[in-house]
K.L.:
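Mind having a look at this structure? Questions to follow.
Start at 1 and go down the list; that is how both ligands and their atoms are numbered.
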Amino acid sequence: MNKDSKIYVAGHRGLVGSAILENLKKKGYSNIITKTHKELDLTKQIDVANFFDREKPEYVILAAAKVGGIVANNTYRAEFIYENMMIQNNVIHQSYLSKVNKLLFLGSTCIYPKNTTQPMKEEYLLTNTLEYTNEPYAIAKIAGIKMCESYNLQYGTNFISVMPTNLYGPNDNFDLEKSHVLPALIRKIYLAKLLSESKEDDVIKDLNLSSIEEAKKYLEKFGVTKDSVEIWGTGKPMREFLWSEDMAEACVFIMENRNFKDTYSESQKEIINTHINIGSGKDISIKDLAENIKDIIGFKGDLVFNTEKPDGTMRKLTDVSKLNNLGWNHKVEINEGIKKLYKWYLNN
Ligand SMILES: NC(=O)C1=CN([C@@H]2O[C@H](COP(=O)(O)OP(=O)(O)OC[C@H]3O[C@@H](n4cnc5c(N)ncnc54)[C@H](OP(=O)(O)O)[C@@H]3O)[C@@H](O)[C@H]2O)C=CC1
Ligand SMILES: C[C@H]1O[C@H](OP(=O)(O)OP(=O)(O)OC[C@H]2O[C@@H](n3cnc4c(=O)[nH]c(N)nc43)[C@H](O)[C@@H]2O)[C@@H](O)[C@@H](O)C1=O
């Protein structure tokens, strides 16, 4: 990519898209196009076709998707498969028709089998059955990888797929029902601390409600009181987390340094995994994560595990050796990242 190349970042207001946009700007890329969901609904084929005809981007980073935590994935199963398939079909196909030089497709580590060997290597894709709670989302993501791969092989395009681990950072989703674990626990534990310190005005302001009675009733649904905070599941699942700005650095690194031909073996006449993992290579149990967040926020109450809620996959740790060998490594460790996100939350 040249500094004046026309780059379309889809999903630029989201957790990942906003970090990628900042990273590109910081590196001097000056010709970036963005559209909000309201301005361009990527599930609409004609609108996406018209947008590509009009704008003719040279590079595309596809960070727009229907995204959510374990309960959102499990509850809105139809929306997760439909919207993700539509968005990626439209953007990938139009990128081919308008001769985009390179496209980056974002998958997720939930594409790997539920009970696979750890850490998970790229080649474990499609070797066994998936985790049930996010199967529709994972199937859409697998279709995206295979679509990029198929277009590369049949049409000679240069479409790359990355599989990031669980991400967190600025512009994260803090909704108590639909978000991922890390922002959810920061917000729940922070609100419990406010309740324990009788800071009722701050609780009302955070929830945008009109009275403390209303706020307490709402928080009870999520197991948040002045004395305790509910943690979903057993606390035993292990998760690997990556700070979104590290993820953005990896994505831009890959856009600058990796091409589809790097995944094709001339001697074997076959592709060797078109996708590449992005992660920190380190994991932590949900219980330890919750304890660390509790310590950082300074909440003195209890953590209560609700085993009626799903655990999901018990472990998903990526093997990042492929990306590390190309020269990229993560920078932000988990406890530093929790502190940074807590600070971001308080300021925003
Ligand atoms: N968060 C995570 O832990 C992980 C995320 N990923 C992947 O990274 C990518 C980005 O995720 P993340 O940043 O977390 O998601 P967010 O929910 O934070 O952001 C999603 C973005 O997509 C846009 N969007 C959603 N639907 C549409 C649509 N129909 N038309 C146009 N724009 C749309 C939203 O636009 P608007 O802001 O205008 O509403 C938003 O900017 C996704 O592909 C996701 O699968 C992978 C692994 C982990
Ligand atoms: C990125 C990834 O994100 C999703 O998968 P997930 O890794 O299971 O994501 P999660 O962050 O929602 O949960 C992680 C763990 O944490 C536990 N947990 C405790 N307490 C809360 C809690 O309060 N909220 C949430 N969300 N989880 C909680 C929860 O029960 C689970 O054991 C995929 O659907 C898919 O979208 C995907 O690819």
Side-chain angles (χ1 to χ4, degrees), residues 9-21 34-44 47-48 61-74 79-80 82-84 86-88 90-91 104-112 131-138 140-141 144 161-173 175-189 222-224 229-242 244 247-248 251 278-279 285-287 289-290 293 303 305-307 309-316 318:
V9 180
H12 70 288
R13 294 197 307 184
L15 166 69
V16 174
S18 61
I20 291 177
L21 184 65
T34 56
K35 288 276 173 216
T36 63
H37 187 166
K38 211 170 161 198
E39 290 164 342
L40 174 63
D41 183 345
L42 294 170
T43 65
K44 304 278 187 287
D47 295 350
V48 179
I61 299 179
L62 179 46
K66 174 90 179 168
V67 181
I70 189 166
V71 165
N73 268 267
N74 202 14
E79 290 172 38
F80 272 80
Y82 173 77
E83 290 180 33
N84 284 313
M86 293 301 281
I87 292 171
Q88 67 203 38
N90 288 335
V91 174
L104 188 75
F105 172 69
L106 274 79
S108 162
T109 50
C110 65
I111 59 151
Y112 293 114
E131 155 62 26
Y132 179 78
T133 53
N134 53 34
E135 191 184 62
Y137 172 81
K141 293 292 184 187
S161 301
V162 289
M163 297 308 121
T165 186
N166 292 37
L167 306 167
Y168 68 109
N171 299 311
D172 219 326
N173 175 3
D175 182 277
L176 296 182
E177 182 208 349
K178 296 180 185 160
S179 63
H180 290 103
V181 62
L182 214 152
L185 292 191
I186 286 185
R187 190 168 182 212
K188 288 201 286 194
I189 294 173
F222 297 98
V224 178
V229 171
E230 178 184 296
I231 311 295
W232 295 351
T234 58
K236 290 181 187 155
M238 305 287 292
R239 289 291 182 275
E240 175 193 12
F241 295 95
L242 184 69
S244 62
M247 157 72 182
C251 288
I278 304 183
S285 74
I286 297 301
K287 181 173 184 289
L289 177 79
I293 295 175
L303 300 176
F305 293 89
N306 178 357
T307 52
K309 294 276 193 225
D311 270 338
T313 309
M314 289 314 285
R315 196 169 185 210
K316 46 175 178 174
T318 55

K.L.:
So which bit of Arg239 gets within less than 4.0 Å of ligand 2, heavy atoms only: side chain, backbone, both or neither?
P.N.:
side chain
K.L.:
Which ligand 2 atoms are under 4.0 Å away from a heavy-atom of Pro237?
P.N.:
32 (O)
K.L.:
Pick, from His37, Met247, Glu39, Arg239, the option with the minimum heavy-atom distance to atom 35 (O) of ligand 1.
P.N.:
His37
K.L.:
Specify side chain, backbone, both or neither for Ile70, according to which of its non-hydrogen atoms lie closer than 4.0 Å to ligand 2.
P.N.:
both
K.L.:
Out of Asn173, Asn306, Thr133, Asn166, whose heavy atom sits nearest atom 9 (O) of ligand 2?
P.N.:
Asn166
K.L.:
My understanding is that we take every heavy atom of each candidate and find the minimum distance to atom 15 (O) of ligand 1. Doing that for Val48, Val162, Val67, Asn90, which one comes out nearest?
P.N.:
Val67
K.L.:
With a cutoff of 4.0 Å, is Ala290 in contact with ligand 2, counting heavy atoms of the residue only?
P.N.:
no
K.L.:
Counting heavy atoms only, which part of Ala138 comes closer than 4.0 Å to ligand 2: side chain, backbone, both or neither?
P.N.:
neither
K.L.:
Give me the nearest non-hydrogen protein atom to atom 43 (O) of ligand 1 as residue plus atom name, then the distance to 0.1 Å.
P.N.:
Lys141 NZ, 2.8 Å
K.L.:
Can you report which non-hydrogen protein atom sits closest to atom 23 (C) of ligand 1, along with the distance?
P.N.:
Ala64 CB, 3.9 Å
K.L.:
Is the closest heavy atom of Gly69 to ligand 2 under 4.0 Å?
P.N.:
yes
K.L.:
What residue and atom, counting heavy atoms only, is the protein's closest point to atom 46 (C) of ligand 1, and at what distance?
P.N.:
Gly107 O, 3.0 Å
K.L.:
Taking only heavy atoms of Pro310, which atoms of ligand 2 are found under 4.0 Å from at least one of them?
P.N.:
29 (C), 30 (O)
K.L.:
Would you mind checking which non-hydrogen protein atom is closest to atom 28 (C) of ligand 2, with the distance to 0.1 Å?
P.N.:
Val181 CG2, 3.5 Å
K.L.:
Where's the contact between Phe222 and ligand 2, heavy-atom distance under 4.0 Å: side chain, backbone, both or neither?
P.N.:
neither
K.L.:
Are any of the N/O atoms in Arg13 less than 3.5 Å from those in ligand 1?
P.N.:
yes
K.L.:
Closer than 4.0 Å to some heavy atom of Ile286 - which atoms of ligand 2 meet that?
P.N.:
15 (C), 16 (O), 19 (C)
K.L.:
Please determine whether any non-hydrogen atom of Tyr168 lies less than 4.0 Å from an atom of ligand 1.
P.N.:
no
K.L.:
So which of Val16, Leu167, Asn84, Asn173 gets nearest to atom 3 (O) of ligand 1, if we judge by its closest heavy atom?
P.N.:
Leu167
K.L.:
At what distance is the nearest protein heavy atom to atom 31 (C) of ligand 1, and which residue and atom is it?
P.N.:
Leu40 O, 3.3 Å
K.L.:
Heavy atom of Lys188 under 4.0 Å from ligand 2?
P.N.:
yes
K.L.:
Which atoms of ligand 2 are found less than 4.0 Å from any heavy atom of Ser108?
P.N.:
37 (C), 38 (O)
K.L.:
So which heavy atom in the protein is nearest atom 25 (C) of ligand 1, and how far is it from that ligand atom?
P.N.:
Ala65 O, 3.3 Å
K.L.:
Contact between Lys316 and ligand 2, counting heavy atoms under 4.0 Å?
P.N.:
yes
